[in-house]
*Asks:* 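Below you will find the structure I want to go over with you.
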Amino acid sequence: MTTANEPYVLNIGPQHPSTHGVFRLRVVMDGERIQDIDMVIGYLHRSMEKLAEERTYTQNIPFTDRTDYLAAMSNNLGYCLAAERLAGVEVPERASYLRVIFAELQRIASHSMGNGTFINDAGAWSTPLMYMFREREKILDLFEMTCGARLTTNYMRIGGVAFDPPNEFYPAVNALIDELPDRIDEYTELLVDNEILLARTRNVGVLSAADAINGSITGPMLRASGVPWDLRKAEPYCSYDRFDFDIPVGHVGDCYDRFMVRLEEMRQSVRIIRQALEDLPSGPHKTEIPLALRPEPGEAYARVEGPRGELGFYVVSDGGPAPYRFHIRAPSLINLSLLRQMAVGASLPDAIVTLGSTDIVVGEIDR
Amino acid sequence: MPRGPRQLDGHEVARLLSAAVPGAVTVATDEWVEIQPGRVVDVMRWLHDDAEMDAAQLSNLCGVDRYDHFEIVYHLQSLDQNHQIVVKARLTDHEAASVQSCFPVYTGALLQEREVYDLMGIHFDGHPDLRRMFLWEGYPAFPLRKDFLQIVDHHPGLPHFPFETGKQER
Amino acid sequence: MSAALDPIRVRVRVTSPRLAVTLGIVLVLFGAASIGIAYVVVSGMLDGHWYDFRDLGLGMAHLREWLNEVNAGQPAALSAFLGDQWISYITGALLGATGILTFFGLLLLILVWVERRLIGRIQVRKGPNRVGPFGLLQPVADALKLIQKEVLIPIGADRFMFYLPPVLVFIPGLLVWAVVPWAPNMNYLDTNVGVIYLIAISSTATLAIFMAGWASNNHYALLGAMRTVAMMISYEIPLSLALLMVVLMTGSMQLSTIVQWQVDHHVWLGMLMPLALFTFFFSSTAELNRTPNDIAEAESEIVAGFHTEYSGMKFGLFYAVELGNAVAVGAFVAAFFLGGWSLFGLETWIPPYLIFAAKAFGGYFVLVWLRGTLPRFRLDQLMSFAWKYLIPISLLQVLLVAIEVTAMRYMHFPDFVELSLVGAANLAFTIFIVRAWATFLGYRPEREQVLKPTMAKQMGGLRAAEEMRTR
Amino acid sequence: MDSIGVIIGFYALAGLTVGAALLVFLVRNLLHAVLALVLAFLGMSGLFITLSADFIAMAQILIYAGAIPVLLVFAVMLTPHASRDNANSLFAPGGLLIGLGFAALFVFVAMATVWPVLDVETLHVQSFAGTVRTIGAALLGDYLLAFELASVLLLAAFVGAVALVREDEA
């Protein structure tokens with residue numbers, strides 16, 4: 001379409017409806033086809049890894065909320081596991097059950113958001129997003145009820161969780177998990193058999209299993225490519241080994257599989273929450289740790305299965321009050337490694353759908 | 001320090017590794033294996049291809065500034081065997097730190113190595129697209145280095161707890 | 001937490017009770033006065049005629065007669081100079097233009113509210129509900145905001161070409177309303193080339209949109225403009241073919257005749273030719289840039305398409321004309337396929353223009369509903385749908401309709417039998433040809449090929465993945 | 001004897017058409033020239049309406065104001081930027097000559113033809129009611145062969161265009 005000597009460069013972002021934050025794609029196009037794609041990131045860079053080197057271990061917990069602001073609980077959990085492994089802190093059983101409950105609630109909320117915006121990118125004008133927001137709101141209400149914050153929860157502590165949930169929490173969460181499967185069925189009816197959505201997402205942005213593994217892709221994207229890999233089962237942390245749940249695995253590795261894997265994971269999360277609530281042990285919700293926590297010199301790498309993938313925290317201690325080095329393995333960033341491979345040669349709408357299906361959170365990409 | 005729940009013993013890995021890639025291993029502890037920065041690709045390729053090691057995925061890559069040297073820490077993951085291997089590379093030249101890129105083995109290193117280059121200024125030989133990522137091209141410093149913006153009377157890190165007084169650790 | 005502490009959930013009072021009461025009294029008085037005036041006019045106290053308010057067209061006919069009398073009574077010198085009918089022409093033109101402008105303006109004001117409320121309802125939220133009762137004054141507030149906003153012109157934009165499109169795009173939006181047959185005798189321009197008029201007028205909007213996209217000096221706008229043009233060129237053809245079927249069946253391009261044909265035969269053309277109805281509606285969504293064919297202003301891809309750079313009231317005009325055109329599509333669907341102002345005899349009792357408006361808004365509601373439900377097609381999918389499916393199938397259907405019309409001319413069965421046969425034949429043919437064509441082109445519904453995720457209990461890597469795949 | 005309205009209409013539309021046509025080659029910007037061309041076409045369709053030729057007027061709008069300019073604009077837009085102005089060229093004198101020649105021809109034809117003059121009294125509104133029917137009957141009756149030949153020619157051009165643009169599937 002265009003003349004060969006004049007590349008048609010389209011800047012998608014930093015302010016664009018589909019970049020979900022300040023994230024920029026510099027796309028070289030030939031008509032509607034993408035010839036080259038380059039990410040320009042860093043608009044939200046706050047250098048948390050540097051900041052964390054001058055805060056105590058407990059003071060760093062709020063930072064983790066603000067990396068992946070759609071999955072604050074999972075980030076809290078990952079960091080606390082790393083700090084506990086570093087300092088050798090034991091966690092009471094009730095706390096680990098509560099952590100599971102909140103992490104899974106957070107996963108449902110995050111997947112609601114991810115799937116909703118993904119459908120939005122595919123062109124459905126906000127309706128599925130609003131439907132999914134309805135459930136997400138209730139989950140955020142539960143968070144607010146428990147820890148006073150909705151988005152940046154700052155709920156987990158080194159050695160447990162900050163508060164025991166109030167008494168109103170249990171009926172509310174029970175009502176929610178009774179309702180959720182029906183809601184997820186509703187989305188399925190609305191979206192999953194929708195011919196337009198299928199035509200838009202099937203065989204778009206395909207990632208083979210070998211490529212996905214080699215490209216460090218984790219989480220729902222990896223599972224959608226057909227690799228049965230979930231840290232909750234492979235390396236059970238907290239008390240995931242005591243619950244009965246399945247890992248949904250896709251077949252092709254296209255955008256549709258990613259969407260479906262996320263939708264199924266929401267169902268599985270409901271199962272986990274139900275079991276955890278049934279066997280929720282009594283006891284303290286927190287181990288008392290010294291406020292002046294000085295772990296022995298050494299290092300620890302702990303990871304959890306966050307909603308977006310393997311969320312790792314690499315913490316190095318030199319015996320001082322603050323981490324010597326604090327590194328976040330951000331799944332949002334690393335899942336973008338193969339974006340170029342997926343998007344080049346596709347058309348612009350396909351690339352947008354592919355980007356939507358990777359479910360990025362810019363706060364986590366840039367940190 | 002305790003290893004991760006499914007982390008391999010560094011000595012064991014070092015034994016196999018030094019048999020397969022002679023001269024690559026410098027130090028081994030029960031947590032990690034330290035290798036020559038010039039042999040990264042060889043080591044990674046062997047770890048990746050070996051059926052027993054089966055390090056299929058580069059799970060995490062990050063750099064640590066130890067004042068006089070850098071450490072690059074690789075967390076490698078085997079999905080089929082379900083174990084984790086920690087490999088480190090020590091870069092002694094603090095001024096012009098450089099290490100082989102493991103992109104030829106793991107495409108997942110693309111953005112992680114760029115990030116380390118951007119924030120720590122470590123050069124990865126053989127990386128196809130080594131540019132600044134979060135910071136703009138031409139930014140004068142590398143923030144995650146301990147000597148970032150050498151402010152007078154300022155030491156990196158937290159010297160003492162906020163409520164503690166007087167006691168200077170470092 | 002108490003409601004008082006939660007500002008979001010507390011309904012903000014915009015109207016004080018006193019203002020509300022005053023407004024209410026004024027409204028009641030206004031309504032009473034209007035009813036009084038209407039009664040005086042309708043009951044014939046004024047000029048001895050008894051007006052049937054169910055048929056405004058009758059009133060128009062009276063007006064015309066009266067104007068003819070005035071024409072006849074004018075001095076001969078004047079009529080020799082200006083023609084016999086000039087008073088009728090000028091009055092008619094002024095009345096019609098004022099009527100359409102008023103109607104369109106009011107319609108747009110209401111539509112902004114209707115669309116946002118409907119979409120809100122579909123999306124389990126409330127929609128605008130703060131400004132005025134039920135948020136009814138929201139469009140006014142929007143319009144005020146848009147008018148006082150600064151209009152930004154990008155650097156490098158062609159200023160002249162940038163200013164023109166919002167106006168140009170508005171003209172066809174107004175002009176198409178001229179041929180709408182509201183009721184018997186109640187259409188402004190009952191030309192006997194009404195159908196061609198419609199196609200011709202709507203095709204001119206393409207140029208305006210293209211100009212907008214080009215003049216903006218913006219890559220998104222240019223992409224949007226290109227998409228618009230590609231889509232409009234493709235979908236004008238099935239649209240015209242669908243209308244061709246209507247014209248063939250009714251033997252006229254005059255909209256009033258088309259509606260009258262449906263009234264006379266007690267049938268809706270949409271029942272006789274479901275494929276034509278579908279083609280017309282689907283092509284219209286493409287022409288209108290509405291979901292599922294809103295690729296020209298696909299928000300998630302190219303921001304706002306051709307009007308990305310427009311702000312203030314210039315954007316407002318694009319937005320408004322889009323809404324107005326949506327109702328116009330509803331109106332034309334009603335006129336061509338849903339029997340126009342007729343409702344199987346009920347039009348004797350209900351004012352026909354109300355029936356027509358109800359049908360038009362019904363069509364509009366379907367458009368809003370689609371917008372709230374469906375994702376968007378991709379450009380190449382839309383193009384291939386138009387060229388590979390819609391156009392060939394429509395062509396075959398046109399052939400069938402032509403054969404049927406010829407056959408009907410030579411057979412002399414009762415209407416009812418003939419039309420039932422035609423309807424049945426068309427339906428059967430449509431089902432047959434759609435299936436046959438899809439099989440011929442090797443199309444398989446996506447939903448038959450979908451594999452739902454499998455549930456894994458064991459974790460693993462590539463080896464496990466291959467095991468799962470082979471299983 | 002025409003009424004004054006028709007006369008005014010005719011001259012206004014004729015002035016619009018001629019003025020817009022002049023603008024087409026006076027305006028520097030090629031896209032503005034295209035717009036002026038559209039205006040000229042619209043004026044033409046207005047002239048057709050004053051002649052009660054409603055079908056032709058609508059066809060004029062549909063084809064010349066709706067479809068052709070889009071093609072023109074497309075062509076202008078997709079050519080490189082340098083050639084987007086309506087500059088002087090060597091073709092101008094020749095073009096002027098040809099244009100004058102055509103004008104002379106038309107004037108001659110208009111003058112030399114013996115136009116049938118109809119009596120105003122016999123002309124009713126009814127006699128213009130069915131231009132569509134008349135044109136349709138003429139096209140598919142008397143001039144069927146010419147019509148079909150034109151259709152086949154257009155189809156051939158269409159297929160030829162597709163064949164020309166089609167890329168080789170090598």
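Within every chain, numbering begins at 1; the chains are lettered A, B, ... in the order of the sequence lines, protein sequences first and strands thereafter. Nothing here was measured: the structure is a model prediction, and the numbers come from that model.
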*Asks:* Under 4.5 Å heavy-atom distance to chain A, tell me which part of Gln57(B) shows up: side chain, backbone, both or neither.
*Replies:*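 Both parts, heavy atoms under 4.5 Å.
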
*Asks:* Which atoms of Glu310(A) come close to chain B, meaning under 4.5 Å heavy atom to heavy atom: side chain ones, backbone ones, both, or neither?
*Replies:* side chain

*Asks:* Please list all pairs passing the salt bridge (charged side-chain N to carboxylate O under 4.0 Å, His left out) test where one or both residues lie in residues 50-59 of chain B, with sequence neighbours left out.
*Replies:* none

*Asks:* More than 12 non-hydrogen atoms from neighbouring residues, nucleotides or ligands closer than 6.0 Å to CD on Gln35(A), yes or no?
*Replies:* yes

*Asks:* Heavy-atom distance under 4.5 Å to chain A: side chain of Leu110(B), backbone, both or neither?
*Replies:* side chain

*Asks:* Under 4.5 Å heavy-atom distance to chain A, tell me which part of Leu135(B) shows up: side chain, backbone, both or neither.
*Replies:*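 Only the side chain of Leu135(B) comes within 4.5 Å of chain A.
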
*Asks:* Taking side-chain hydrogen bond (donor to acceptor under 3.5 Å, both in side chains) as the test, write out the residues that go with Asp65(B), two or more places apart.
*Replies:* His94(B)

*Asks:* What is the distance from atom CD of Glu113(B) to atom OG of Ser337(A), rounded to the nearest 0.5 Å?
*Replies:*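 Taking CD in Glu113(B) and OG in Ser337(A), the distance rounds to 10.5 Å.
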
*Asks:* From Asn214(A) CG over to Thr107(B) OG1, what is the distance, rounded to the nearest 0.5 angstrom?
*Replies:* 4.0 Å

*Asks:* Walk me through whether Glu299(A) and Lys88(B) qualify under side chain to side chain contact (heavy atoms under 4.5 Å, CB included).
*Replies:* CA-CA 12 Å; Glu299(A) 62 182 53; Lys88(B) 288 189 178 185; 2.4 Å; yes

*Asks:* If I take atom CZ from residue Phe142(B) and atom NZ from residue Lys50(A), how far apart are they, to the nearest 0.5 angstrom?
*Replies:*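 One finds 13.0 Å between CZ of Phe142(B) and NZ of Lys50(A).
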
*Asks:* With a 4.5 angstrom heavy-atom cut-off, is it the side chain or the backbone of Val73(B) that approaches chain A, or both, or neither?
*Replies:*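 The side chain, not the backbone.
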
*Asks:* Side chain to side chain contact (heavy atoms under 4.5 Å, CB included), that's the test. Do Tyr301(A) and Gln7(B) meet it? Break it down for me.
*Replies:* CA-CA 10 Å; Tyr301(A) 178 69; Gln7(B) 192 174 330; over 6 Å; no

*Asks:* Counting only heavy atoms closer than 4.5 Å, note whether Ile217(A) contacts chain B via side chain, backbone, both or neither.
*Replies:*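 Contact with chain B involves the backbone of Ile217(A) alone.
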
*Asks:* Between Val40(A) and chain B, with a heavy-atom cut-off of 4.5 Å, which part of the residue counts as in contact: side chain, backbone, both or neither?
*Replies:* neither

*Asks:* So if I take each residue of residues 117-132 of chain B and look for any heavy atom under 4.5 Å from a heavy atom in chain A, which residues do I end up with?
*Replies:*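 Expected list: Leu119(B), Met120(B), Arg131(B).
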
*Asks:* Can you say whether Trp32(B) sits under 4.5 Å from chain A via the side chain, the backbone, both, or neither, judging by heavy atoms?
*Replies:* side chain

*Asks:* How long is the span from the CG atom in Leu111(B) to the CG atom in Asn335(A), to the nearest 0.5 Å?
*Replies:* 10.0 Å

*Asks:* Need one label for Arg367(A): side chain, backbone, both or neither, based on atoms under 4.5 Å from any heavy atom in chain B.
*Replies:*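 The side chain, not the backbone.
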
*Asks:* Give a yes or no on whether a salt bridge exists between Glu115(B) and Arg329(A), defined as a side-chain N under 4.0 angstrom from a carboxylate O.
*Replies:* no

*Asks:* Can you check whether anything in residues 229-242 of chain A gets within less than 4.5 Å of chain B, heavy-atom wise, and list it by number?
*Replies:*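 When heavy atoms of chain B are the reference, residues 229-242 of chain A contributes Trp229(A), Ala234(A), Glu235(A) within the under-4.5 Å range.
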
*Asks:* Would you mind telling me which of Val105(B), Val64(B), Val86(B), Leu79(B) has the largest number of heavy-atom pairs within less than 4.5 Å of chain A?
*Replies:*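 Of the candidates given, the most pairs with chain A belong to Leu79(B).
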
*Asks:* From Ile365(A) CD1 over to Met133(B) CE, what is the distance, rounded to the nearest 0.5 angstrom?
*Replies:* 9.5 Å

*Asks:* Look at the rings of Phe134(B) and His45(A) and say which category their plane angle falls in: under 30° parallel, 30 to 60° tilted, over 60° perpendicular.
*Replies:*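 Phe134(B) vs His45(A) ring planes: parallel.
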
*Asks:* Measuring from atom CZ of Arg303(A) to atom OG of Ser59(B), what distance do you get when rounded to the nearest 0.5 angstrom?
*Replies:*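 OG of Ser59(B) is found 5.0 Å from CZ of Arg303(A).
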
*Asks:* Is a side-chain donor or acceptor of Arg325(A) paired with a backbone partner of Arg66(B) at a separation under 3.5 angstrom?
*Replies:*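 Side chain of Arg325(A) to backbone of Arg66(B), a donor-acceptor pair under 3.5 Å: no, none is there.
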
*Asks:* With a 4.5 angstrom heavy-atom cut-off, could you sort out which part of Ala210(A) is near chain B: side chain, backbone, both or neither?
*Replies:* neither

